[in-house]
Amino acid sequence: MQKLPSIKIKYEDGRLIVIEKPSGLLSMSTGRRTQGRPETTAYSILTQMKGRVFIVHRLDRDTSGVMIFAKDEETKRRLQDNWDEAVEDRRYIAVVEGIPPQQEGTVTSWLSDNPKSFKVSSCPYDNGGQKAVTHYKVLDTVRGINMGRWQMNYSLVEFNLETGRKNQIRVHAAVLGTPIAGDKKYGAVSNPAGRLCLHARNIAFIHPFTGRTISVSSAVPAAFRNLGFGGSR
């Protein structure tokens, strides 16, 4: 029997479930099959655990962290239709190569999907793309980690999304000149943790039926802490 990747349920009520997805696991299927079997995804695992569920939003395959599923179509619809108003806080933690130019700041640009390169490009002015706003804060820095032929500096950075565009944090980290470690697609030259070093650490949202604010957090991954950042949890 195929061993399924583990997902953690961080919050559950009669209408929705919030899980912690591991890095390397798809949120939902791309339609491909492996050895004749459908792809294993966070959706398929949760379906086996809980029965029918509905995806509210996605995380990239290599991004870990908190992710919301609905238990019925009405909950899904209410959350998706009012996503910008419902989500009060959405924070990620990342290990980036180098040290950002400021201790904290904001990146604003317009993002466009390039179907030829399969990358998202960034423009500092309105070129018809989607406006994206990311706030960041440097939490810690480690210097001089030996990466074979060279030594690298790394920073542990918290990113707070004002908008939620495809690959937004990955692109804006590269705009700062500090690509996310392990993100070769957007310019990283090292992979100190053996994975994309991006983790959805917290999401706070208004429950579509009770009106209460639900806030769900997860710890900084051990693979990030093991790089030597002090006080990270």
Side-chain angles (χ1 to χ4, degrees), residues 5-11 18-27 42 45 57-68 89-107 120 134-162 164-204 215-233:
S6 62
I7 61 173
K8 297 178 183 178
I9 294 178
K10 305 291 289 185
Y11 173 86
V18 184
I19 70 163
E20 182 177 309
K21 184 187 82 68
S23 174
L25 181 67
L26 285 166
S27 295
I45 295 171
H57 67 113
R58 306 179 193 181
L59 293 176
D60 290 343
R61 178 201 289 265
D62 296 322
T63 301
S64 57
V66 291
M67 182 179 171
I68 304 170
D89 191 38
R90 195 176 179 191
R91 295 176 188 267
Y92 288 70
I93 198 91
V95 177
V96 303
E97 294 183 343
I99 303 171
Q102 297 177 311
Q103 190 69 19
E104 57 185 289
T106 299
V107 181
V120 174
T134 306
H135 308 287
Y136 71 90
K137 181 179 181 180
V138 179
L139 303 179
D140 198 7
T141 298
V142 293
R143 300 173 183 268
I145 293 182
N146 190 342
M147 294 302 295
R149 292 179 298 170
W150 60 83
Q151 290 189 327
M152 297 285 297
N153 300 328
Y154 294 99
S155 298
L156 186 68
V157 181
E158 181 183 77
F159 291 95
N160 182 3
L161 291 181
E162 190 169 311
R165 312 302 186 194
K166 179 182 177 181
N167 289 177
Q168 178 175 323
I169 294 175
R170 297 168 65 182
V171 174
H172 280 177
V175 168
L176 289 170
T178 54
I180 294 173
D183 196 3
K184 183 178 179 181
K185 184 175 183 177
Y186 288 104
V189 297
S190 66
N191 191 359
R195 54 160 290 184
L196 176 72
C197 288
L198 180 61
H199 179 73
R201 189 180 189 187
N202 174 266
I203 191 164
S215 182
V216 183
S217 301
S218 65
V220 177
F224 299 7
R225 300 195 306 269
N226 291 342
L227 296 175
F229 296 107
S232 59
R233 292 184 296 171

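As a basis for the values below, the full set of heavy atoms in this structure was taken, side chains included, without hydrogen atoms, waters or symmetry mates.
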Any residue meeting side-chain hydrogen bond (donor to acceptor under 3.5 Å, both in side chains) with N160, in chain and number order, not counting sequence neighbours:
none

Between V96, I99, L156, which is the residue that forms a side chain to side chain contact (heavy atoms under 4.5 Å, CB included) with T141?
I99

Would you compute the distance between atom CD1 of I180 and atom SG of C197 and round it to the nearest 0.5 angstrom?
8.5 Å

What pairs of residues pass the salt bridge (charged side-chain N to carboxylate O under 4.0 Å, His left out) test when at least one of them lies in residues 168-187, not counting sequence neighbours?
D60-R170, R170-D183

Any residue meeting side-chain hydrogen bond (donor to acceptor under 3.5 Å, both in side chains) with R165, in chain and number order, not counting sequence neighbours:
none

My understanding is that only residues two or more places apart in sequence, or in another chain, count here; which of them pass side chain to side chain contact (heavy atoms under 4.5 Å, CB included) with A200?
L59, V66, Y92

Is there side-chain contact between L139 and I93, with at least one heavy-atom pair below 4.5 Å?
yes

Going by salt bridge (charged side-chain N to carboxylate O under 4.0 Å, His left out), name the pairs with one or both residues in residues 190-200, residues two or more places apart or in two chains.
none

Separation between OH of Y11 and CD1 of I68, rounded to the nearest 0.5 Å:
10.5 Å

Return yes if some donor-acceptor pair links the side-chain N/O of R225 with the main-chain N/O of V220 below 3.5 Å, else return no.
yes

If I take atom CG from residue L161 and atom CD1 from residue I203, how far apart are they, to the nearest 0.5 angstrom?
9.5 Å

Give a yes or no on whether the backbone of H199 and the side-chain of S64 come within a donor-acceptor separation of less than 3.5 Å.
no

Distance check, rounded to the nearest 0.5 Å: E104 atom CD versus T106 atom OG1?
8.5 Å

Those residues that, when tested against R90, pass salt bridge (charged side-chain N to carboxylate O under 4.0 Å, His left out) (two or more places apart)
none

Checking the side chain of Y186 only, and the main-chain atoms of V120 only, is there a donor and an acceptor separated by less than 3.5 Å?
yes

Taking only residues two or more places apart in sequence, or in another chain, which ones meet D62 in a side-chain hydrogen bond (donor to acceptor under 3.5 Å, both in side chains)?
none

Run the salt bridge (charged side-chain N to carboxylate O under 4.0 Å, His left out) test against K166 and tell me which residues pass, sequence neighbours left out.
D113

Side chain to side chain contact (heavy atoms under 4.5 Å, CB included) with Q103: which residues, sequence neighbours excluded?
V138

In chain order, what residues pass the side-chain hydrogen bond (donor to acceptor under 3.5 Å, both in side chains) check against S190, with sequence neighbours excluded?
E97, Y154

Measure the CD1-CD1 distance between I7 and I19 for me, rounded to the nearest 0.5 Å.
4.0 Å

Set of ring-ring contact (aromatic ring centres under 6.0 Å, His included) partners for H57, sequence neighbours left out:
W83

Sequence neighbours left out, what passes side chain to side chain contact (heavy atoms under 4.5 Å, CB included) with S217? Give chain and number order.
N202

